[in-house]
Number of protein chains: 2
Amino acid sequence: MTVPASKTPVWRSIADSLKREIGDRHYVEGEKLPTEARLAERFGVNRHTVRHALKALAEDGLVYSRRGAGVFVLARPLDYPLSRRVRFHQNLMDAGRLPGKTMLSVERRAASDDDARRLRLEPGQLVAVSHSLSFADETPVALAESRFPEARLPGLADALREASSITEALGSVGIEDYTRRTTRLTATTATTAQALHLQTREGAPLLLAESLSGDGDGMPVEHGQTWFASERITLTLNHA
Amino acid sequence: MTVPASKTPVWRSIADSLKREIGDRHYVEGEKLPTEARLAERFGVNRHTVRHALKALAEDGLVYSRRGAGVFVLARPLDYPLSRRVRFHQNLMDAGRLPGKTMLSVERRAASDDDARRLRLEPGQLVAVSHSLSFADETPVALAESRFPEARLPGLADALREASSITEALGSVGIEDYTRRTTRLTATTATTAQALHLQTREGAPLLLAESLSGDGDGMPVEHGQTWFASERITLTLNHA
DNA sequence: ATGTATAATATGTCTAGTTGTATAGTATAC
DNA sequence: GTATACTATACAACTAGACATATTATACAT
């Protein structure tokens, strides 16, 4: 259900943060750290909490303080927490176009009010719903649920079941050209089921892209949600 | 001592009561609720029962609590368009929200290898580093850490400290026009410190946008990371 | 230049109050 | 029996403000 609550006190994470910065030479030996008040502002905590963190650093012999003057760097830590950013650097431009895609299921069902509004159908008309899993080099990176206006594009559900790609399936029902209209991005955490598919842990950060695609005339042809395993993938936008 | 046998638990009716009061603007955005102890007194229950009710409100995103400080009222979610020319203030005002930004800290320090590569400096040259927090109607929505090539734009750190916006600060050192070159999007979960700033819980989903902006000639002027409180904001891409 | 008074900053200490968490216990409903 | 709802107590973690004390920066007189 919930992410295992790490019970690291705030002051400790602040201490680690400063330790890392000293280790990375953001502050050099002899240099004065920002004042307690500024650090408190920066970390969004009370001055006393910062003092607690600084006390820990002082006890480690990393800094020392002089009343009225400031806090100064004494030495670098022998070892400090490694910087995060150990990431898979997978570049992809367009959400949902990845090599390696497995169709998990394709169903036909009546459009919900929401589906109908987005796909410009009447509630109750048929929509094709597909669930799919995308891979990059055998590793699952994205889980998608897409809805198509089956009522307007009869035979699409069957085509989706047989075709090897969405583009191909759409082509077989007469849509030669479809483009993404909008994408809305948020972050979520993985449910149990999502974690299973994406081979990650429950509560892992996921990037959720909700998209709407249309044909050349702007008529919607697909509306769906794609969950990316954020630890394995990065969406890159080139504002060219 | 006799409690009337009702089907709904006491904590739920307390939650409903508070919910109604917040809805009725009895308590406004950002305002602090009475302490748990006082609420317990007022409703004639144990503090833990009040806590149970407050937990429900927090899960609905209505309130947020800070240990040692109190419980505060939050605001509603909103949409945030991502485009080449990122103008936070304009976007929020278009959405009918009152934008705000507070500079948490501005420092100058030596560029790390990573900073240097991205900003096209030599390692060790000066970079200006700012931490800032953006608001919509008093509710924090984004936390940012930005790095600027101070070596190439002397005086920028001071300008950032005084100016009311990044655009203004860059303008004062001769950068009239800057645009976003790339944005990389991932999802993460909130660390303790991030949760504090964004007034959310530890482990809450965050949308992380890493961006690189350049001037008219393509020379980098800013490189930074922005963490969006995903429960309060959605990034929207218009593939126009 | 040098010394001095003064204001502004910065850290040190103290008191009080608030939320977070852990543990234990009681009554009631199913 | 065993959850569920609630009470009771204690302590940890953090905030908030006030004030003392040490240091630095500034202005000014000499």
Side-chain angles (χ1 to χ4, degrees), chain A residues 2-18 27 30-59 62-74, chain B residues 1-18 27 30-59 62-74 105 107 161 190-197 199-204:
Chain A
T2 50
V3 181
S6 99
K7 38 191 139 184
T8 316
V10 175
W11 66 264
R12 177 150 289 288
S13 58
I14 291 175
D16 286 345
S17 220
L18 292 172
Y27 304 108
E31 193 177 346
K32 197 183 130 181
L33 291 186
T35 67
E36 293 175 347
R38 294 196 75 82
L39 287 174
E41 251 186 282
R42 173 182 152 192
F43 289 106
V45 297
N46 191 271
R47 192 186 136 217
H48 292 295
T49 307
V50 167
R51 282 179 62 73
H52 199 131
L54 290 174
K55 192 177 161 199
L57 290 196
E59 277 164 4
L62 294 180
V63 302
Y64 73 99
S65 57
R66 279 170 50 215
R67 174 186 288 209
V71 181
F72 302 85
V73 177
L74 258 183
Chain B
M1 256 330 193
T2 49
V3 182
S6 68
K7 341 177 79 176
T8 54
V10 175
W11 67 263
R12 179 152 290 288
S13 56
I14 292 176
D16 287 344
S17 221
L18 292 172
Y27 303 109
E31 191 176 347
K32 196 183 137 180
L33 292 186
T35 67
E36 293 174 349
R38 296 203 84 79
L39 287 174
E41 244 183 291
R42 171 181 153 194
F43 290 106
V45 296
N46 190 271
R47 189 185 140 219
H48 290 292
T49 308
V50 167
R51 280 178 64 71
H52 199 127
L54 290 175
K55 194 177 161 198
L57 292 198
E59 275 164 5
L62 283 171
V63 300
Y64 154 77
S65 60
R66 275 168 58 215
R67 173 183 291 207
V71 180
F72 303 84
V73 178
L74 283 173
S105 68
E107 300 158 36
R161 263 186 278 263
T191 65
T192 322
Q194 288 169 340
L196 275 165
H197 277 306
Q199 295 183 10
T200 184
R201 66 192 184 285
E202 205 174 321

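Heavy atoms only: backbone and side chains are in, while hydrogens, waters and symmetry mates are out. First the proteins, then the strands, lettered A, B, ... as listed; each starts at 1.
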What is the distance, rounded to the nearest whole Å, between atom [atom1] of [X] and atom [atom2] of [N]?
{"X": "B/Leu196", "N": "C/dT18", "atom1": "CG", "atom2": "C1'", "answer": "15 Å"}
{"X": "B/Leu39", "N": "C/dT19", "atom1": "CG", "atom2": "C1'", "answer": "12 Å"}
{"X": "B/Asn46", "N": "C/dT19", "atom1": "CG", "atom2": "C1'", "answer": "14 Å"}
{"X": "B/Tyr64", "N": "D/dT15", "atom1": "OH", "atom2": "C1'", "answer": "11 Å"}

By nearest-nucleotide position on DNA chain D, the 5'-leaning member of B/Phe72 and B/Gly44 is B/Gly44
Ranking B/Thr49 and A/His52 by the position along DNA chain D of their nearest nucleotide, the one closer to 5' is B/Thr49
_I'd like to know whether B/Glu107 forms a salt bridge (charged side-chain N to carboxylate O under 4.0 Å, His left out) with A/Arg38, so could you lay out the CA-CA distance, the side-chain angles of the two residues, the decisive distance to 0.1 Å, and finally the verdict._
CA-CA 10 Å; B/Glu107 300 158 36; A/Arg38 294 196 75 82; over 6 Å; no
Take B/Thr200 and B/Leu74 through the test side-chain contact (heavy atoms from CB on, under 4.5 Å) and record every step on the way to the result. CA-CA 10 Å; B/Thr200 184; B/Leu74 283 173; over 6 Å; no
Under 4.0 Å: is that the gap between some side-chain N or O of B/Trp11 and OP1 or OP2 of D/dC6?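 Indeed, a polar side-chain atom of B/Trp11 lies that close.
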>> With a sphere of 6.0 Å drawn around CZ of B/Arg12, does it hold more than 12 non-hydrogen atoms of other residues, nucleotides or ligands?
In response: no
ring-ring contact (aromatic ring centres under 6.0 Å, His included) filter on B/His52, not counting sequence neighbours, yields B/Trp11
Exercise. Evaluate the side-chain contact (heavy atoms from CB on, under 4.5 Å) criterion for residues B/Ile14 and B/Leu39: first the C-alpha distance (whole Å), next the side-chain angles of each, then the deciding distance (0.1 Å), finally the verdict.
Key: CA-CA 9 Å; B/Ile14 292 176; B/Leu39 287 174; over 6 Å; no
A/Arg66 meets the salt bridge (Lys or Arg N to Asp or Glu O under 4.0 Å) criterion, sequence neighbours left out, with none
Going 5' to 3' through nucleotides 5-14 of chain C and flagging B where a protein heavy-atom sits under 4.0 Å of the base, S where only the sugar-phosphate is that close, and - otherwise, we get -----BBBBB
